[in-house]
*Asks:* 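Just dropping this structure here.
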Amino acid sequence: MGRKFVVGGNWKMNGDKNQINEIINNLKKGPLDPNAEVIIGVPAIYLAYVKSIAPDNISVAAQNCWKVAKGAFTGEISPAMIKDVGATWVILGHSERRTIFGEKDDLVAEKVAHALECGLKVIACIGETLEEREAGKTEEVVFRQTKALLPAIGNNWDKVVLAYEPVWAIGTGKTATPAQAQDVHASLRDWILKNVSSDIAQAVRIQYGGSVTGATCKELGACPDIDGFLVGGASLKPEFVDIVNATA
Ligand SMILES: O=C[C@H](O)COP(=O)(O)O
């Protein structure tokens with residue numbers, strides 16, 4: 001069976017109730033390709049609100065969580081809490097978490113392990129910086145980041161989507177070319193084939209993220225190893241519908 005196209009919207013730290021209402025109304029109006037899975041990653045404080053107004057064909061994700069169920073971790077939220085308000089996904093290891101908040105591979109892996117144990121599905125983000133790309137280290141970096149996740153994912157690959165997001169393409173307007181993105185996605189799939197299994201390599205969905213827009217999504221979405229997108233800025237705009245429909 002083919003891999004179902006999966007488009008995530010990562011609102012990051014944006015939106016208020018008015019803007020959220022507009023975004024949800026726009027998604028309700030769609031129409032959205034029924035063959036695409038849609039997940040919206042919303043600020044923690046709005047998870048319950050978004051869940052209460054989002055239609056059933058849209059899943060809700062948190063943008064981060066902590067690695068244990070509860071306790072003295074001021075300011076953090078747990079997977080159990082995310083589930084409790086009806087969200088079913090969490091985005092982990094986003095490059096902004098890694099660079100601004102200093103999250104290293106091992107912490108990301110601990111978070112992934114705990115989120116999966118609790119029954120959340122995970123969008124796990126990986127990607128190289130411009131410096132790493134220019135030094136020819138793209139594969140080394142994304143393979144290292146993926147390797148760190150293997151014990152955390154275990155037998156739960158069906159609950160994980162990988163998001164390849166080159167850091168130099170995030171929020172910069174510099175979308176990777178379809179060829180650049182396809183190259184990394186194909187190498188990642190090959191690495192998974194060699195280091196996990198051929199079945200999982202065939203089945204795992206790998207999203208591309210980094211300045212995806214209504215204008216760039218079709219060509220990217222047509223690449224054989226690109227199974228969807230993780231969209232930042234454009235997920236706040238009406239064109240998110242076009243991005244969901246990239247392969248329709
Ligand atoms: O999680 C989404 C990515 O950071 C992409 O953000 P962007 O589409 O604004 O470049």
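We count ligands from 1, going down the list as the structure has it; atoms in each ligand are counted the same way.
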*Asks:* For ligand 1, indicate whether the residue Asn10 contacts it via side chain, backbone, both or neither (heavy-atom separation under 4.0 Å).
*Replies:*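 The part of Asn10 near ligand 1 is the side chain, not the backbone.
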*Asks:* Would you say CD1 of Ile100 has more than 12 non-hydrogen atoms from neighbouring residues, nucleotides or ligands within 6.0 angstrom?
*Replies:*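 For Ile100, atom CD1 is crowded (more than 12 foreign heavy atoms under 6.0 Å).
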*Asks:* Starting from atom 3 (C) of ligand 1, what is the nearest protein heavy atom, named by residue and atom, and what distance separates them?
*Replies:*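 Nearest protein contact, heavy atoms only, for atom 3 (C) of ligand 1 is Glu165 OE2, 2.9 Å.
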*Asks:* Please say whether more than 12 non-hydrogen atoms of neighbouring residues, nucleotides or ligands are located less than 6.0 Å from NZ in Lys28.
*Replies:*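 Correct, the count exceeds 12.
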*Asks:* Mark up the atoms of ligand 1 that fall under 4.0 Å of a heavy atom belonging to Gly171, in ascending order.
*Replies:*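 This gives 7 (P), 9 (O), 10 (O) as the contact atoms.
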*Asks:* Run the numbers on Ser235 and Phe240 for side-chain contact (heavy atoms from CB on, under 4.5 Å), then give the verdict.
*Replies:* CA-CA 5 Å; Ser235 70; Phe240 187 60; 3.7 Å; yes
*Asks:* Evaluate the criterion side-chain contact (heavy atoms from CB on, under 4.5 Å) for residue pair Leu230 and Val161; output intermediate values, then yes/no.
*Replies:* CA-CA 10 Å; Leu230 187 56; Val161 167; over 6 Å; no
*Asks:* What do we get for Ser95 next to ligand 1 when only non-hydrogen atoms under 4.0 Å count, side chain, backbone, both or neither?
*Replies:*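 Neither; no heavy atom under 4.0 Å.
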*Asks:* Do me a favour and list the nearest non-hydrogen protein atom to atom 9 (O) of ligand 1 with residue, atom name and distance?
*Replies:*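 Atom 9 (O) of ligand 1 sits closest to the protein heavy atom Gly233 N, 2.8 Å.
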*Asks:* Do me a favour and list the nearest non-hydrogen protein atom to atom 8 (O) of ligand 1 with residue, atom name and distance?
*Replies:*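 Among all protein heavy atoms, the one nearest atom 8 (O) of ligand 1 is Gly232 N, 2.9 Å.
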*Asks:* Any donor-acceptor pair under 3.5 Å linking the side chain of Arg97 with the backbone of Leu92?
*Replies:*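 Such a contact is absent between Arg97 side chain and Leu92 backbone.
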*Asks:* Under 4.5 Å between any side-chain heavy atoms of Ile82 and Trp89, yes or no?
*Replies:*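 Ile82 vs Trp89: side chains apart.
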*Asks:* Determine whether the side chains of Glu128 and Trp168 contain a donor N or O and an acceptor N or O closer than 3.5 Å.
*Replies:*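 Result is yes, a qualifying pair exists.
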*Asks:* State the atoms of ligand 1, each with its element, that fall below the 4.0 Å cut-off from a heavy-atom position in Ala169.
*Replies:*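 That gives atoms 10 (O) of ligand 1.
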*Asks:* Hey, which atoms in ligand 1 end up nearer than 4.0 Å to a heavy atom of Gly210?
*Replies:*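 Contacts of ligand 1 toward Gly210, numbered from 1: 5 (C), 10 (O).
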*Asks:* Can you list the ligand 1 atoms lying under 4.0 Å from a non-hydrogen atom of Ser211?
*Replies:*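 What qualifies from ligand 1 is 7 (P), 8 (O), 10 (O).
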*Asks:* Which atoms of ligand 1 are found less than 4.0 Å from any heavy atom of His94?
*Replies:*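 Listed by number with element, the hits are 1 (O), 2 (C), 3 (C), 4 (O).
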